[in-house]
Number of protein chains: 2
Amino acid sequence: MANGKWKSDSQGAKGVPKAVVYRLSLYLRELQRLIRGGDTMASSGKLGKLLGLTDAQVRKDLAIFGQFGHPGVGYRCEDLVGAIKGILGTDREWTVAMIGAGNLGRALLGYRGFASQGFRVAAVFDADPAKIGQSLEGLVVEDVERLSEVVREREISLGLIAAPAEAAQEAATRLAAAGVVGILNFAPVTLHSLPVEVSQVSVDLATELEQLSFAVANRPETR
Amino acid sequence: MANGKWKSDSQGAKGVPKAVVYRLSLYLRELQRLIRGGDTMASSGKLGKLLGLTDAQVRKDLAIFGQFGHPGVGYRCEDLVGAIKGILGTDREWTVAMIGAGNLGRALLGYRGFASQGFRVAAVFDADPAKIGQSLEGLVVEDVERLSEVVREREISLGLIAAPAEAAQEAATRLAAAGVVGILNFAPVTLHSLPVEVSQVSVDLATELEQLSFAVANRPETR
DNA sequence: CATTGTGAAGGGCTTCACAGCT
DNA sequence: AGCTGTGAAGCCCTTCACAATG
């Protein structure tokens, strides 16, 4: 029986495998797609097949957080979406700042997928005087010197770094100092000296291509 | 003593943890930065500290592929860069096709980080007649209908999908049919029915933000 | 003598298999 | 009958600790 909240014997916070959290996002995405397609129930076997996972894996992942399924029938899609959003923390709106109004920053600003999952970009910053003052997707590009001020004014809680590698560390330091609680870093550098209370996730596009290159170079057997 | 090639008792292909391959990319990035900074040697402890890993982890990762270090002194940066590139398969140039000339596709085209790691974009495709024929970063946007033809002509081996979710599966199917060996997918969908010989890596930007949201919502202890 | 490479120990994640619920 | 939730087994990855080494 779905109970909508954390597992009753909850121990508060950690202990959740990173891989599980990642798959939670996949379940959420797939369930939303099934709902758009008119489905109302989904079994662990069905979800697993759609994502290339075993049914047991799907059930174990969900069981970490509570009992969301109904023996004999499966999971109610709407309920499970609600539960997963609650777990991921996307059942509320997050206010985000974009640092960097270059190619990547502008592209990410235009990406509708963020807004649809509850992430609202409320400010864009850049250090280039030629870009400051420009209007992008309804936002005026602000001077990165004003970051701290604007972050507080607009109650921004997450920072998204789409700046060049050389500028990324300073952007991160500024964000942390301004009180942001999380940083998503697209720059190809490791960020240092951030306070422990600032969470961090990194995506390096070149690294992803390298993973692909390795997979291709080492695939099972081909000419 | 560095030997430059695969571990002698090589079993050919798999058996390498995904996490190890990911860290290899991080080692490579950090080593290249150290070299730019003038360093010539790096120990496992130093590399580990720079990346937030233990020294043992660094050594174990590298030991999977051979003996690259020198007891008492560490690893020669240049040699290790060469070795890792060989392992990742980026010691050669990969020819890449971009599918989708929207915001994201254009941003990725302009990203210098790809070229610097050996990935050369040799074609851009889109299905929108308004975009076909436009010139971007020295390339003319081609009709996605001509994908197969162009992929063969230009000997393209990897495909990068930056198309909307609805178009991604068809793009992937076309790429596979055209003989591409790897696909990097930025669309928020799971790709199905690809031949096993086509490797696949996915990056979903909304998913990454959700990982951050979870990390923030579940961090150790904060007000 | 600082640092590597590695067997052994430890911990964590996945798969299996089945009791129990609808 | 169909499917969930879960203990137990199995496997994989990380950490530890130290002999080997230039």
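Keep in mind it's a predicted model, so treat the numbers as computed, not measured. Here is the naming used below: chain letters follow the sequence lines, and residue numbers restart at 1 for every chain.
As a whole-Å value, the separation of B:Q57 CD from C:dT6 P is 16 Å. A straight line from CG of B:L47 to P of C:dG5 spans 12 Å, rounded to a whole angstrom. B:I64 places its CD1 atom 13 Å from the P atom of C:dG5, with the value rounded to the nearest Å. As rounded to whole Å, 8 Å separates atom P of C:dT15 from atom CG of A:L53. The CG atom of B:L62 sits 15 Å away from the C1' atom of D:dT14 (whole-angstrom rounding). Across the protein-nucleic acid pair, B:H70 atom NE2 and C:dG5 atom P stand 9 Å apart, rounded to whole Å. Put simply, CG on B:D61 is 7 Å from P on D:dT14, counting in whole angstrom units. A:D55 has its CG atom 8 Å from the P atom of D:dT4, to the nearest Å.
Across all strands, B:G72 comes closer than 4.0 Å to base atoms (heavy-atom distances).
In terms of phosphate contacts, B:Q67 brings a side-chain nitrogen or oxygen within less than 4.0 Å of OP1 or OP2 of C:dT6. Contact check, A:R23 against C:dC13: no side-chain N or O comes under 4.0 Å of OP1 or OP2. Side-chain nitrogen and oxygen atoms of B:R59 include at least one within less than 4.0 Å of the OP1 or OP2 phosphate oxygen of C:dT4. For A:Y75 and D:dG2, the shortest distance from a side-chain N or O to OP1 or OP2 is not below 4.0 Å.
Judged by distance alone, with hydrogens and angles left aside, B:K60 brings no side-chain donor or acceptor close enough to the base of C:dT6 to form a pair under 3.5 Å.
Residue A:S44 places its side chain closer to D:dT4 than to any other of C:dC13, D:dT4, D:dT14. The side chain of B:T54 sits closest to D:dT15 out of C:dT6, D:dT15, C:dT4. Taking the side chain of A:A19 as heavy atoms from C-beta on, and the options D:dG5, C:dT14, D:dG2, the nearest nucleotide is C:dT14. Relative to the side chain of B:A56, the nucleotides C:dT15, D:dA17, C:dG5 differ in distance, and D:dA17 lies closest.
Side-chain contact between B:L212 and A:L158 is present, with at least one heavy-atom pair separated by less than 4.5 Å.
Inspection of the B:Q169 and B:T173 side chains reveals an N or O donor paired with an N or O acceptor under 3.5 Å. For the 3.5 Å distance criterion, the side chains of B:Y111 and A:N103 fail to qualify, holding no donor opposite an acceptor.
Note: A:Q32 CD to A:K85 NZ = 5.5 Å, rounded to the nearest 0.5 Å.
Ionic pairing of B:R33 and B:D39 is not present here: no N-O contact between side-chain nitrogen and carboxylate oxygen is shorter than 4.0 angstrom.
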